[in-house]
Every structure is written in structure tokens, then in C-alpha cells.
Amino acid sequence: MQTHHATRIEILIEVPALKALSRQLDRSGVTGYSVLPVLAGQGRTGPWTREGEISAAGGMVAVVAVVACERAEGVLDSVFEVVSRHIGLVSVSDCRVVRPERV
Amino acid sequence: MQTHHATRIEILIEVPALKALSRQLDRSGVTGYSVLPVLAGQGRTGPWTREGEISAAGGMVAVVAVVACERAEGVLDSVFEVVSRHIGLVSVSDCRVVRPERV
Amino acid sequence: MQTHHATRIEILIEVPALKALSRQLDRSGVTGYSVLPVLAGQGRTGPWTREGEISAAGGMVAVVAVVACERAEGVLDSVFEVVSRHIGLVSVSDCRVVRPERV
Amino acid sequence: MLDLALQNLASPIVLSFVLGLVAAGLRSDLSIPEAMAKGLSIYLLFAIGYKGGVEVAAAGFDMRLALALVVGVLLSAVIPVLAFFLLRVMTRLSRVDAAAVAGHYGSISIVTFVAASSLLQSQGVDFEGWLVAVAAVMEAPAIATALWLARGRSAGVASPGVPWREVLLNGSIVLLLGAFLIGWVTGPSGMAEVEGFLVVPFKGVLCLFLLDMGLVAGRNLLRSRKVLSAGPVLFALLMPLLGAGLGLIAGLLLGLSVGGVALLATLAASASYIAVPAAMRVALPEADPAVYLTLALGVTFPFNLAFGISIYLLAAQTFGG
Amino acid sequence: MLDLALQNLASPIVLSFVLGLVAAGLRSDLSIPEAMAKGLSIYLLFAIGYKGGVEVAAAGFDMRLALALVVGVLLSAVIPVLAFFLLRVMTRLSRVDAAAVAGHYGSISIVTFVAASSLLQSQGVDFEGWLVAVAAVMEAPAIATALWLARGRSAGVASPGVPWREVLLNGSIVLLLGAFLIGWVTGPSGMAEVEGFLVVPFKGVLCLFLLDMGLVAGRNLLRSRKVLSAGPVLFALLMPLLGAGLGLIAGLLLGLSVGGVALLATLAASASYIAVPAAMRVALPEADPAVYLTLALGVTFPFNLAFGISIYLLAAQTFGG
Amino acid sequence: MLDLALQNLASPIVLSFVLGLVAAGLRSDLSIPEAMAKGLSIYLLFAIGYKGGVEVAAAGFDMRLALALVVGVLLSAVIPVLAFFLLRVMTRLSRVDAAAVAGHYGSISIVTFVAASSLLQSQGVDFEGWLVAVAAVMEAPAIATALWLARGRSAGVASPGVPWREVLLNGSIVLLLGAFLIGWVTGPSGMAEVEGFLVVPFKGVLCLFLLDMGLVAGRNLLRSRKVLSAGPVLFALLMPLLGAGLGLIAGLLLGLSVGGVALLATLAASASYIAVPAAMRVALPEADPAVYLTLALGVTFPFNLAFGISIYLLAAQTFGG
Ligand SMILES: Nc1ncnc2c1ncn2[C@@H]1O[C@H](COP(=O)(O)O)[C@@H](O)[C@H]1O
Ligand SMILES: Nc1ncnc2c1ncn2[C@@H]1O[C@H](COP(=O)(O)O)[C@@H](O)[C@H]1O
Ligand SMILES: Nc1ncnc2c1ncn2[C@@H]1O[C@H](COP(=O)(O)O)[C@@H](O)[C@H]1O
Ligand code: NA
Ligand code: NA
Ligand code: NA
């Protein structure tokens with residue numbers, strides 16, 4: 001099966017900043033992204049868990065966007081505007097996709 | 001620690017098609033896969049969210065299978081038979097595993 | 001945007017072993033990790049699903065840690081001590097991060 | 001007439017739905033966790049099935065039940081044909097989209113059924129408890145008709161292996177029928193044990209569920225505004241009335257009570273937004289979910305909830321009794 | 001006095017909170033699933049709003065409601081200023097941190113309000129049902145004040161586009177006000193239909209919710225032990241008393257009943273741990289959540305629950321009535 | 001005898017479990033969200049603990065409680081030894097697998113306990129409310145015995161640091177004991193406040209929970225069909241009877257009421273499927289979960305629910321009272 005090169009951007013970000021990130025992604029020209037829940041974590045600010053949480057203030061999600069390689073740089077810049085003020089980790093890796101028209 | 005090359009296949013697919021995909025994966029000879037929930041997303045058909053959903057018609061999941069490199073091609077072909085008729089995104093990347101007998 | 005090389009470690013592990021793994025990761029010197037829920041899976045021991053589960057005995061989670069390349073080897077060794085006795089799959093891949101101080 | 005409609009509109013049930021719609025329209029972040037929404041729906045199915053069974057146990061077995069099951073299957077299988085032709089005439093939907101939409105209208109919405117029984121109860125109108133079993137058997141046949149309609153004469157659409165087992169044994173059918181049987185076996189003495197859970201809080205739980213449905217329907221409408229043109233919307237307002245007409249006739253022929261006729265009309269008028277969409281994604285992935293979900297959940301469901309069920313009750317009172 | 005406090009301390013509600021605290025302190029793995037915790041909070045907001053509305057319907061519209069809404073907004077907007085100056089004097093928190101904390105104390109905690117009304121009820125003290133609407137309008141104004149305080153004279157902190165729509169239409173405000181309106185429209189006859197859900201199990205549900213709050217507060221305290229110094233903790237014990245004082249005066253000026261005065265004092269005394277933290281993460285991400293969450297949820301909330309609400313009731317009985 | 005068994009089999013509780021089993025057997029996609037299943041179990045533990053505490057408050061402290069706690073710990077610690085030797089004789093399970101299974105039978109199933117108290121209640125048989133505290137202390141000791149049995153004489157199995165804190169402070173123990181203490185402190189007047197939640201809907205909630213357990217047990221059995229041979233299954237049917245015998249003797253020696261004897265026998269007869277499996281995955285990961293989960297949840301639990309509890313009650317009535 002023929003595959004095409006693409007870039008996988010994974011953004012760990014706190015829930016309250018998700019709306020701003022979504023707006024930014026929509027503007028940055030990505031064709032799509034998916035939001036995965038994160039249950040718990042550990043970082044420099046200590047451990048946290050989603051269990052029992054009633055406030056949306058805590059908690060993180062993982063936003064995954066597979067984008068065409070040539071667009072990755074622009075998306076990253078755009079994402080970073082939002083993430084820089086917030087707890088979050090942006091990682092990028094290479095991947096291959098089956099349907100290039102979908103990224 | 002010695003690691004061995006393998007291929008990580010990640011399939012974003014709508015929930016109603018998950019059963020068919022599972023059957024296909026079982027047949028394709030993968031040793032295992034894991035299904036992760038997706039909370040929300042944005043794509044060419046617009047945004048969606050799992051919140052409040054009562055129907056299983058909406059919503060997506062991420063299916064992750066780490067497979068031996070030599071088997072990846074076959075699995076991809078097999079997966080694509082199901083995915084092609086459905087909303088979904090298949091991405092593939094290289095990885096290394098610690099226990100090669102598990103993939 | 002400048003990015004820096006890093007290593008993404010993804011550990012699929014059963015829920016009862018998560019505490020031990022967390023302790024081990026905390027000791028191994030990673031700066032952070034995130035725990036993602038897994039809904040269902042299929043492996044050599046057959047299929048499982050989280051649905052309706054009342055016991056914490058079943059079920060898996062995915063632990064993702066992005067670590068500096070030079071630390072990856074040590075973290076892997078350390079992780080393996082816990083994982084080896086448990087159902088679990090450790091996969092490692094290369095990635096790039098935007099803020100190197102966060103890994 | 002106006003009185004009944006107003007009374008229905010001012011019920012906590014309908015107003016909760018409206019609250020959900022409004023919150024979605026204002027883009028509030030109010031939302032019900034998925035697990036809670038599913039939990040509420042499991043509760044409602046179990047409670048409504050159980051109550052139906054208990055009523056059969058109390059009233060004794062009624063031969064009309066067997067007949068009504070057959071009639072229910074027929075209604076579910078035939079209504080999509082009518083809907084399909086209407087859609088082809090009234091709208092520009094493709095054959096596949098039209099077939100998918102048609103399938104939804106043959107099947108039923110259990111919450112509409114529950115809202116109608118609530119209205120009957122508050123009006124002091126009796127009905128046959130076993131109609132809930134008829135509701136269960138009406139869920140699936142429409143799917144078969146829809147697939148048959150979609151195939152058409154051409155072989156354009158491949159006919160994938162429809163997972164009939166999944167469709168017939170889908171969770172809501174099994175839960176509804178299972179609870180019905182449990183209620184039947186345990187009868188009024190079993191009911192005495194569990195009514196603190198299945199009866200006492202029922203209406204309030206229904207309010208929360210309708211709040212969620214309002215949120216989901218409202219967000220759906222917001223997203224699908226552009227997809228909707230006048231034709232499909234008109235269809236989604238007309239079709240329930242036609243379906244109700246068929247249900248009414250069937251109910252009168254079956255010799256049901258006034259309440260029973262109203263409920264069978266409601267079932268025929270209602271459109272599925274749980275079982276059928278899921279089946280369509282599997283069997284007819286080419287059909288656009290934005291169209292069928294929006295019509296069933298965003299137009300027909302609110303119409304039935306706010307006006308339909310009052311109309312069907314009045315019609316039943318006029319022609320029946 | 002001691003009697004009232006002891007009776008309150010030995011209530012199932014307070015003890016459930018203590019159980020959560022203890023379980024967290026012992027590092028037990030007891031936990032409430034997130035979806036369940038959110039579900040419980042949706043239930044509580046809906047029930048408390050609905051009951052308030054029904055009481056307005058029963059008692060007839062009261063012009064003081066309009067006045068009280070204005071007073072509520074003012075209290076919420078002004079209390080943070082007082083809190084901010086106290087914090088700058090009593091603690092070494094940065095301007096931004098102090099502003100963020102101050103915002104929490106202007107806003108309200110609906111569970112504290114519910115616990116106080118529970119206490120009133122068990123003491124046979126009446127109150128104005130529409131105070132729940134005042135609670136809803138007190139949620140947001142404090143946020144504006146906090147942001148204004150954070151900006152200061154310097155331009156050090158960028159002023160990001162605060163999502164006012166999100167803040168004003170946040171889920172808990174919409175749900176509380178929406179349920180209030182539904183209760184008002186449907187009145188006592190609507191209540192008769194849903195009280196099996198909204199009234200009968202209410203206190204027990206509150207216990208489970210407080211168990212969860214105890215767990216969350218306890219884990220929070222464990223994590224933030226090091227962040228807490230004497231200054232902020234003292235503030236978190238003193239501020240509710242000052243806030244309550246303002247609320248008391250406002251209540252007396254409004255001519256509320258003794259119960260109403262106690263509840264307005266409670267609202268002014270309570271600190272938000274749901275709406276405001278979320279808004280602060282968006283609008284003031286520089287502020288440290290460990291500080292404001294721990295003070296609001298880990299210190300002030302337990303203080304109010306265990307002692308505050310008894311004190312405010314006694315004060316209202318002394319000065320009011 | 002037959003009468004009692006039939007009455008029990010036709011209860012909504014048992015039939016709900018059967019519905020779950022059947023749905024799983026038919027491979028229906030009916031399922032209860034994880035958060036809801038956990039929520040139901042938290043509710044049941046809280047309610048049952050609370051009720052037990054209230055009964056102690058009402059009846060006054062009973063010295064036999066202290067004695068019964070000791071006896072409970074002993075039963076839990078000793079039963080695994082008996083189970084282990086039976087397993088080694090009757091089955092070909094490895095030492096580690098046999099030890100893990102044995103641990104499950106020393107510990108208890110709180111739902112079996114609840115189902116038995118339901119049966120007692122419907123038969124009008126009284127029992128000591130504080131037995132729920134005995135249930136709580138019986139959860140963990142069996143785990144220690146199982147690990148000791150697994151180690152054997154050889155050093156083949158490494159002895160990992162067993163997380164005793166986690167085991168002893170596991171959520172269900174803390175919740176059960178905590179609620180028991182709260183019930184004890186607040187007594188009947190506290191109960192009056194919360195019974196609309198903890199008592200009124202209790203049996204119905206239990207039905208939904210058993211529906212879930214039926215689904216989980218049924219899917220488990222489907223998956224593990226091949227693992228099961230006659231030996232282990234026979235063990236899983238015989239062992240509860242032996243355990244019940246020990247519990248019966250202990251209950252008679254303690255001088256419990258007829259209902260109390262039946263409940264202690266039920267506790268001894270029941271096998272854990274929540275706390276022990278989780279502990280075994282941590283401390284004995286070499287043991288096969290398919291074996292111990294299937295025996296405890298798929299064989300012994302249904303057996304006790306359908307037949308065991310009736311048998312234990314009859315035995316208690318024959319030998320006690
Ligand atoms: N290196 C990392 N790998 C994976 N997740 C991380 C990493 N660093 C931080 N996180 C996640 O981000 C959250 C906040 O991180 P921090 O701001 O460092 O406390 C943590 O609790 C984790 O969930
Ligand atoms: N490039 C992408 N990266 C990540 N997720 C995607 C991407 N494209 C689509 N998705 C996911 O697939 C869903 C359906 O996509 P679409 O068919 O384009 O509307 C979206 O809502 C996302 O959850
Ligand atoms: N190759 C794999 N790729 C992704 N997930 C896997 C893989 N192998 C195992 N798993 C996950 O680990 C669980 C246990 O695997 P096993 O021990 O092989 O039964 C499975 O049910 C999957 O959730
Ligand atoms: Na219909
Ligand atoms: Na306040
Ligand atoms: Na036992």
C-alpha cells in the first residue's frame with residue numbers, strides 16, 4: 001500500500017486552554033485534529049488526576065493533528081502562540097499516511 | 001536495553017466501524033491492538049464531541065497496533081479494506097520495542 | 001520554529017501495575033509523563049474491554065513520557081524492571097519538541 | 001386542544017429540553033458527561049420496560065399483544081417506503097440519503113414514547129402496558145427496508161454484510177425486552193420492591209435526559225444549519241403526521257384503548273436517533289449522518305415532543321373511545 | 001451556639017466530607033469517577049435551581065428579588081477588592097496571584113449554599129427561595145474585578161481576550177438559572193411530578209458529592225502542603241468572616257428573613273472552586289492554581305462547612321429577626 | 001425449601017443478573033459505562049455501610065461485634081488454606097494459580113452479602129446490622145494467606161513488596177467502614193435525612209448493578225470457556241458450601257441470630273472479584289487472571305446468588321434459632 005509522508009503533532013494541554021487552541025488550529029489551516037482524554041499525569045508542578053474532578057480547571061487532554069509536512073512549520077508557530085502561556089508539551093514526529101488528501 | 005524495530009499503526013475510526021475493524025485486524029495476523037477513546041475532533045465534516053452522546057453513531061476511537069515491520073504492509077492492506085468506506089485516518093510510524101516477541 | 005530531538009516512550013500497562021510504574025518513573029528522573037485511558041484491547045491473552053468493569057484488576061492504560069534522548073536509555077531500563085513482570089508493551093520512537101527544558 | 005398543548009409545553013419535561021436547546025444555542029459549555037447520558041438512557045429503558053411487564057402481569061395476558069407485535073413489525077417495515085417516496089418527491093436527497101432518512105422514520109424513539117405516556121398519565125388516560133414490547137420490535141425492521149430501498153435497481157451501492165445480529169440484539173432492544181420480561185415474571189410484588197427506584201424518581205430523571213437531548217439536538221442543529229434546506233425540514237414535520245395517521249388506523253383496527261391508540265400513533269410518528277444511525281454508519285456509510293441525525297433529532301423529535309404527542313392524543317380521543 | 005455547631009458537625013453531610021478528607025489523607029485509592037462527580041454536580045444544580053423557582057412561583061414574585069440581584073452583583077464585584085488588599089498586607093503573594101485568589105472569594109460556592117440551606121431546613125428556619133438566582137448572578141462579576149486588579153498600573157501582564165461569553169454562559173450558571181426558570185414556570189404542580197427525583201434523594205446525593213469534595217480537597221492539600229504558608233491560610237479563615245459580614249449587612253438592608261440573611265452571608269463568605277479556577281486558567285495563566293485552589297477548596301470550604309454556616313446563622317438570628 | 005429457592009430465583013435482583021448473562025451470551029452490545037458501574041458500586045457500599053451503622057446506633061453497642069471482627073479476620077485468613085488444599089487435590093492448577101484462587105475464597109463479595117440481606121428482609125428474618133463491618137475486615141486477610149501459600153517452600157516465586165497499605169486502605173474497605181461509622185454517629189435521625197437516597201431506591205439500584213455483573217460475568221465466561229475444566233468448576237461449586245459450613249459454625253458459636261448466622265455463612269461462602277483480583281495482579285502477576293476471575297465471578301457468584309443464599313438461610317434456620 002502506498003503511503004505518503006506527513007507530520008504528527010501531539011499537544012498536551014490543560015483543558016481550560018483547549019478552546020483557544022482549537023480556534024487557533026482552525027485558523028492555522030489544519031484539515032483535522034482529534035482530542036484524546038488524559039487521565040492523570042506527573043510534571044514539574046507535581047502529580048494530578050482527573051478522578052473526582054468537578055472543576056474543568058484541572059486536567060489535560062492530548063490533541064493529535066496529522067498534517068502535511070509542508071504545513072507543519074506554520075501550524076507549529078500558530079499553536080505555540082497559545083501553548084506558550086499555558087502548561088503544555090508539544091511534540092512532533094514523522095509518520096506516513098495512506099490517504100494524503102486527508103491531512 | 002536492546003530494542004527492536006517495529007511499526008506503529010494508528011487508526012482513527014468512527015465507533016460504529018470498530019467491530020468490523022477489529023474482526024479485520026484479528027484476521028490480519030496482528031498479535032494485539034489497543035483502543036483509546038477520542039473525546040472530540042474537527043475534520044472536513046466539521047466538529048464533533050462525545051459529550052452527552054447517547055447514540056453510538058457518532059464518536060471516534062484511536063486504534064493503536066504495534067506490529068513487526070515485515071507484517072506492517074499486510075496489516076495496512078487489510079485495514080484499508082474496512083477504513084476506505086468509513087471516516088478514518090490511518091497513520092504509520094517507525095518505533096522500537098523492547099520485547100520483540102510481543103508485536 | 002526551532003525544535004529539539006527527544007524520545008517518546010509509550011508504555012501500555014495494566015492498571016494494577018500503574019502505581020508501581022509511576023513510582024519507578026518518578027525515580028528514573030523523567031520530568032513528566034501522562035496517563036491515557038485505554039478502552040479495550042486484544043492481545044495474546046484474548047480480548048478485553050473496560051465497559052461495565054467494577055474491578056480495577058482488568059484494564060490497561062497508556063503512559064506517555066517524552067524524555068531527553070540521553071536519558072531515554074536509563075528510563076527504559078528502569079521501566080523494564082516493573083513491566084517485565086506484567087502484561088505490557090513498551091515502544092519507543094523519535095520525536096522533536098519545541099521546549100527542550102520540558103522533557 | 002390549546003389547553004392540552006399548553007399544558008404539555010409547560011411540563012418540566014418539555015422545558016428541560018428547551019433549556020438544553022437554548023444552552024446549546026447560546027454556545028454555553030453546559031454538557032452532560034457521556035457516561036451519565038448513557039446511564040440515564042439505560043435507566044429509562046429498564047424502567048419503562050419493567051413497568052410495561054408489570055402491567056401485563058397485573059392485567060393478565062392479552063391476545064392483542066401478539067397481534068400488535070406483528071402490526072408493529074409491519075408498520076416499521078412499511079413506513080420507510082412511504083417516507084422514501086415523499087423524500088424523493090419533496091427533496092433533492094440522493095437515493096442513498098433518502099433511504100437512510102426513511103429508515104429512521106420507520107423505527108421509533110423510545111423517549112418520545114415515554115413523553116407521550118407521561119402526558120397520558122397526567123391526563124388520566126389509561127393505555128396498554130405491553131405497548132412497550134411493541135416499541136421494542138419496531139426498532140429494527142425499518143433498517144432492512146432502508147437497505148433494500150438504498151440498493152435500488154442499480155448495483156451502484158455494494159451490499160456489505162449487514163450485521164443483523166448486532167442490529168437485532170442491540171443494547172436498547174435487549175434491555176427493553178429483558179426488563180419487560182423481568183417485570184412480567186416478578187409482577188406487582190416485584191414492583192413493590194423496586195418502585196422506589198424505577199417509579200419514584202422516573203419523571204425527574206427524564207427531565208435530565210431531555211436536558212441532554214436538548215443540548216445534543218441544539219449543537220447538532222448549529223453544526224448542520226447549512227445542510228438543511230426547506231424540503232427536508234418540511235418532510236421532517238409532515239412525516240410524523242403521516243406516520244401517526246398509519247399508527248392511529250392500526251391502533252383502531254387492533255381495538256386498543258384511546259391511550260393505546262395515541263401511543264401507537266406516537267411510535268409510528270417518532271424517528272430513531274440511537275439504533276438506526278448506528279446501523280446506518282455500518283451498513284450505509286455513504287449516507288450523510290448530518291442529514292438523517294438532524295432531521296430525526298433536531299426537527300422531528302422536538303416537533304413530536306412539543307406538539308405531536310398532544311395532537312396524536314386528541315386524534316385518538318376523537319376517533320377512538 | 002455550641003449545640004448548633006455540634007449538630008451541624010455530626011450531620012451526614014459534614015461527616016461524608018470528613019470521610020473523603022480522611023481517605024485522601026490515608027492515601028486510600030478510594031475515588032469517584034469524574035463522570036459521576038460531574039453528574040452529581042449537575043443533579044445538585046438542577047435540583048437547587050428548580051426548588052428555588054418553585055418557591056418563587058408559590059410565594060408570588062417579590063420585588064426584593066430584583067434588588068437582591070443587583071446587590072449580589074455588587075457584592076461579587078466588591079469583595080475581591082477587600083480580599084486583594086488583605087492579601088497584599090497579610091501575604092507575600094505576587095500581584096497576579098493575589099488578584100486570582102481575590103476573584104475566588106468574590107464568587108460563590110453553590111455547595112456551601114446548599115449545605116447552609118440544609119442546616120436552615122433542619123433548624124426549621126425559612127428563607128427566600130429566589131436566593132438561588134442571586135447565587136447564580138454572583139458567580140461571574142468577581143472575575144472581572146480580579147482581572148482588573150491583576151492588571152494594576154503597570155502593563156506587565158498582557159490583557160488577553162477574556163472569553164466573557166464563556167464566563168457568563170458557563171454551564172453552572174446556565175443550569176442554575178435555567179432550572180430556576182423551569183421551576184418558576186411549572187410551579188408546585190410541576191414539582192409534584194419531579195419531587196421523587198429532585199427532593200426525595202437530595203440530601204443523600206449531597207453526601208456522596210461531599211465525599212468526593214473531601215477526596216479532592218484532601219488530595220489537593222497533600223500536594224500543596226509546601227505551597228501553604230501561615231499568611232494565606234490565615235487569610236482563607238479570616239476572609240469568609242469578613243465576606244459574611246458584608247453579606248449580613250446587605251441582607252439586613254434588603255430586609256430579608258433571618259434565613260435569607262444567613263444565606264446571603266454564606267454566599268458572600270464562600271469561595272468558588274469551579275467557575276473561577278477555570279476562568280483564571282484562561283485569563284490569568286500566570287497565577288498559580290496550587291495557591292488559589294488550595295485556599296478556596298482546601299481551607300475556606302471546609303471552614304465554612306464545619307463552622308462558618310453555623311456562625312452565619314447565629315449572627316443572622318442575633319442581628320436579624 | 002423449594003419455595004424459598006424459587007422465590008429467590010424469581011426476584012428482580014436475580015433476574016437482572018440473568019438478563020445480563022443472557023445478553024452477554026447472545027453477544028448483544030448492551031453495556032454499562034465503566035463510570036456508571038463504578039458509581040453504582042460506590043452507592044451500594046455507602047448505603048450498606050451506612051445502614052449497618054445506623055442499626056448499631058439504634059440497637060446499642062454489642063460486645064459480640066468485637067468478637068465477630070476477630071472471627072471474621074480468622075475465617076478470611078484460614079479459608080484459603082482449606083481452599084488451597086482442595087485445589088491441589090481436585091485440579092491441576094499450579095501452586096501459584098491455586099494460591100491466587102484460594103485467596104479469592106477467603107475474601108468476600110459484598111454484593112452476595114447484599115443479596116442475602118435482601119432475601120432475609122423479604123422473608124422477615126432479622127440480623128445484626130454490624131455484620132457489614134465484619135464483611136469489611138474479611139476483605140484483606142485472605143490476601144496475606146494467599147501470598148504465603150504461593151511462596152511455598154521453594155524460593156521460586158520472588159516475594160515482591162506487597163503494597164499492604166494499598167490493600168488495607170483500598171477504596172471499598174474505606175468506604176464501607178467509613179459509611180458504617182457515619183451511620184453509627186448520625187444514627188436514626190441522620191437516616192431520616194438520607195433514606196430517600198440510601199434506602200428508597202436501594203433495591204432497584206442493586207438490579208442495575210446485577211445487570212452489569214451479569215454482563216461482565218457472561219463475557220468473562222465466553223472468553224474463558226477453554227480455560228475451564230471440570231476440576232476447577234467443581235471446586236467453585238463445592239468451596240462455597242464448605243466455606244458456608246465454617247461460617248455457620250462460627251456464627252452459631254458467636255451466638256448470632258438466625259439471620260446473622262446466615263449472613264456470616266454467606267460471607268464465608270462468597271468469593272471476592274474486586275479487591276483480591278487487583279491485589280493479585282500486583283503481588284502475584286504470574287497467576288492467571290482468567291482462572292481466578294472466572295471461578296469467582298463466573299461460577300461461584302452466580303451459584304451463591306441463585307442457590308447458595310437460600311441454602312445458607314435454610315441451614316441457619318435448621319441449626320440456629
Ligand atoms: N515530558 C512529559 N511527557 C509527557 N507528559 C508530560 C511531560 N511533561 C509534562 N507532561 C504533562 O503535563 C502536565 C503538566 O506538566 P508540568 O507543567 O511540568 O507540571 C503533567 O502533569 C503531565 O500530564
Ligand atoms: N488530520 C487529522 N488529524 C487528526 N485527526 C483527524 C484528522 N482528520 C480527521 N481527523 C479526525 O477524524 C474526524 C473525522 O474527520 P473528517 O472526516 O475529516 O470530518 C475528525 O473529527 C477528527 O476527529
Ligand atoms: N502489539 C500490540 N499493539 C498494541 N497493543 C497491544 C499489543 N499487544 C498487546 N497490546 C495490548 O496489551 C493487552 C494485553 O496483551 P496480551 O498480554 O498480549 O494479551 C492487549 O489486550 C492490548 O490492549
Ligand atoms: Na416511526
Ligand atoms: Na463569596
Ligand atoms: Na469467603
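First the proteins, then the strands, lettered A, B, ... as listed; each starts at 1. These numbers come from a predicted model, not from an experiment. Hydrogens, waters and symmetry mates play no part in the numbers below; they use all other heavy atoms, side chains included.
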Please report the shortest heavy-atom distance between Ala179(F) and Leu19(E), naming the atom on each side. N-CD2, 4.0 Å
Any chance you could measure Ile42(F), atom CD1, to Leu30(E), atom CG, to the nearest 0.5 Å? 6.5 Å
Counting only non-hydrogen atoms closer than 4.5 Å, does Val185(F) touch chain E with its backbone (N, CA, C, O), its side chain (CB onward), both, or neither? side chain
Close side-chain approach of Cys207(E) and Phe46(F), heavy atoms under 4.5 Å: yes
Report the option among Pro201(F), Gly190(F), Gly196(F) that has the most heavy-atom pairs separated by less than 4.5 Å from atoms of chain E. Gly196(F)
For Leu211(E), is it the side chain, the backbone, both or neither that has a heavy atom under 4.5 Å from a heavy atom of chain F? side chain
How far does CG of Leu198(F) sit from CG of Leu208(E), to the nearest 0.5 angstrom? 7.5 Å
Specify which of Ala47(F), Pro33(F), Ala35(F) makes the most heavy-atom pairs with chain E at under 4.5 Å. Ala35(F)
Report the donor-acceptor contacts between chain E and chain F below 3.5 Å as a table, one pair per row.
residue   : atom : partner   : partner atom : Å
Leu26(E)  : O    : Arg165(F) : NE           : 3.3
Leu26(E)  : O    : Arg165(F) : NH2          : 3.4
Ser28(E)  : OG   : Leu169(F) : O            : 2.7
Asp29(E)  : OD1  : Gly171(F) : N            : 2.6
Lys203(E) : NZ   : Glu193(F) : OE1          : 2.6

With rounding to the nearest 0.5 angstrom, report the CG to CG distance, Leu26(E) to Leu168(F). 11.0 Å
Using every non-hydrogen atom in the two residues, find where Pro12(E) and Ile182(F) come nearest and quote the distance to one decimal. CA-CG2, 4.2 Å
